[in-house]
Number of protein chains: 2
Amino acid sequence: MPHNHDALLEHVKADMPADELLQDLGDLFKIFGDTTRIKIMYALYEDEMCVCAIADLLGMTQSAISHQLKVLKAANLVESRREGKTIYYRLADEHVKSIIAQGYEHLTE
Amino acid sequence: MPHNHDALLEHVKADMPADELLQDLGDLFKIFGDTTRIKIMYALYEDEMCVCAIADLLGMTQSAISHQLKVLKAANLVESRREGKTIYYRLADEHVKSIIAQGYEHLTE
DNA sequence: TGAACATATGAGCAATTATTCATATGATAA
DNA sequence: TTATCATATGAATAATTGCTCATATGTTCA
């Protein structure tokens, strides 16, 4: 017979967050899981930047950057302000930096 | 004429990590960007577990779990030990927990 | 109003990837 | 050895997704 671990399962299951939260967590990290978006967040690490500056920096299309900024904004990872024709983006909160910093540590330790 | 931001770009570029590291960072977070893997890591949050227990817990195939454990192990996010026929997996280091914790905070704050 | 600049967006394509299915490997006990 | 349990793995499929291209929206200035 296959071995039994009902007791363990019950215990672990009780400590697991709700499925919806786990899904949201996965969705959040999925956003960090793209080099372009990581680069954008790093570009905004110290100061705000306009879309075309980011595009220039990464050597990518304005369209591509705009699409990614939309994704980042939908996840509350960046915020923006308009100044004339230009729109400046900045990181939304400190979690962005600390998540990236933790990943960085895991890689470089 | 389009507006110029060469000075800014030069400054930001100097502070950006190497392209290879940025790629690795993206690849690392990509691994966190899947609900199944998030669930596995949460299951291992407090203690080690064997493959079939994880499969039972998540209501998924042993094969599916094995595939994902392989991904997690390749990224040094989990480690394993054998005990007879059974193989127990555990989290590899504290970064796993802190990365997840930061994501959790971002969502629930 | 019209022209130029800055950004946003919808559709389509190409590439990635999570799961399934079948099967292989490894270990134990009879 | 043979049977069974535990895990790993290769191939195939289905779904997701990042970029491009064309175009739309919004702003400023002449």
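Labels below follow one simple rule: chain letters A, B, ... track the order of the sequence lines, proteins then strands, and each chain is numbered from 1.
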Provide the closest heavy-atom pair for [X] versus [Y] in the form atom of the first, atom of the second, distance.
X	Y	value
A:M41	A:I31	CE-O, 4.5 Å
B:A92	B:E79	CB-CG, 3.8 Å
B:V51	B:S66	CG1-OG, 4.3 Å

From B:M49, B:K39, B:M60, residue fulfilling side-chain contact (heavy atoms from CB on, under 4.5 Å) relative to B:I54: B:M49
Euclidean distance, B:T86 OG1 relative to B:R81 CZ, rounded to 0.5 Å: 9.0 Å
Between atom [atom1] in [X] and atom [atom2] in [N], what is the gap in whole Å?
X	N	atom1	atom2	value
B:I65	C:dT19	CD1	C1'	11 Å
A:Y88	D:dG26	OH	C1'	16 Å
B:E83	C:dA27	CD	P	14 Å
A:L72	C:dA8	CG	P	12 Å
B:L69	D:dT7	CG	C1'	10 Å
B:N4	C:dA6	CG	P	11 Å

For [N], take OP1 and OP2 only and decide whether either is under 4.0 Å from a side-chain N or O of [X].
X	N	value
A:K70	C:dT9	yes
B:T61	C:dT19	no
B:Q68	C:dT19	yes
B:H3	C:dA6	yes

Let's see if you can work this out: which of [options] has an atom nearest to the side-chain heavy atoms of [X]?
X	options	answer
B:K85	C:dT20, C:dT28, C:dA6	C:dT28
B:Q62	D:dT27, D:dT7, C:dA27	D:dT7
B:T86	C:dA8, D:dA6, C:dT19	D:dA6

Of B:R82 and A:M60, the one whose closest DNA chain D nucleotide lies more 5': B:R82
Could you tell me whether [X] contacts a base, only the sugar-phosphate backbone, or nothing, with contacts defined as non-hydrogen atoms closer than 4.0 Å?
X	result
B:S66	base
A:S63	base
A:Y89	sugar-phosphate

Interface with DNA chain C, restricted to residues 20-48 of chain B and to heavy atoms under 4.0 Å: B:K30, B:D34, B:T36, B:R37
Base of D:dT9 and ring of B:H67 stacked, centres under 5.5 Å, planes under 30°: yes
Plane angle bin for A:Y45 and A:Y42 - parallel if under 30°, tilted between 30 and 60°, otherwise perpendicular: parallel
Sub-4.5 Å side-chain heavy-atom contact between A:R90 and A:L44: no
Any donor-acceptor N or O pair under 3.5 Å, side chains A:T36, A:Q68: no
